[in-house]
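Working notes, beginning with the structure itself.
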Amino acid sequence: MSLAFDLFIWLMIETILGFLIYSTGCAILKIVTFGKFKSEITDYVSFKANKAKDVYLICLLGFSFYVLLIGFIAYISH
């Protein structure tokens with residue numbers, strides 16, 4: 001029971017973080033391209049349905065934004 005519960009929790013965390021990182025990447029691309037970038041995924045349900053598509057570069061952009069944000073905060077607080 002504990003293994004199934006832990007697996008469920010980690011899958012939920014991975015899905016939510018994946019959606020958050022993808023949404024951040026899409027927002028950054030919309031800002032950089034002045035709104036010309038059109039994302040296919042608009043909400044969480046369509047993100048889960050289209051998760052098999054190649055979205056790795058957008059997720060990488062969103063992840064790098066958070067890494068840079070954490071690095072900037074660490075630099076400022078030091």
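Residue numbers start at 1 and run along the sequence shown.
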Can you tell me how far [atom2] of [Y] sits from [atom1] of [X], rounded to the nearest 0.5 angstrom?
| X | Y | atom1 | atom2 | result |
| --- | --- | --- | --- | --- |
| Phe72 | Phe65 | CZ | CZ | 11.0 Å |
| Ile58 | Thr24 | CD1 | OG1 | 11.5 Å |
| Phe19 | Thr15 | CZ | OG1 | 11.5 Å |
| Ile28 | Ile31 | CD1 | CD1 | 7.0 Å |
| Leu69 | Tyr66 | CG | OH | 8.0 Å |
| Tyr22 | Leu60 | OH | CG | 13.5 Å |

#### Entry: With Leu11, the side-chain contact (heavy atoms from CB on, under 4.5 Å) member among Ile13, Leu7, Ile9
Leu7
### Query
Can you hop from Leu61 to Leu68 via hydrophobic side chains spaced under 4.5 Å?
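As far as the 4.5 Å side-chain criterion goes, Leu68 and Leu61 are not connected within one cluster.
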### Task
Check whether any side-chain heavy atom of Val67 lies under 4.5 Å from a side-chain heavy atom of Phe63, and answer yes or no.
yes
### Message
Looking at every non-hydrogen atom in both residues, tell me the closest pair between Gly18 and Cys59 and how far apart they are.
### Response
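That would be O-SG, 4.5 Å.
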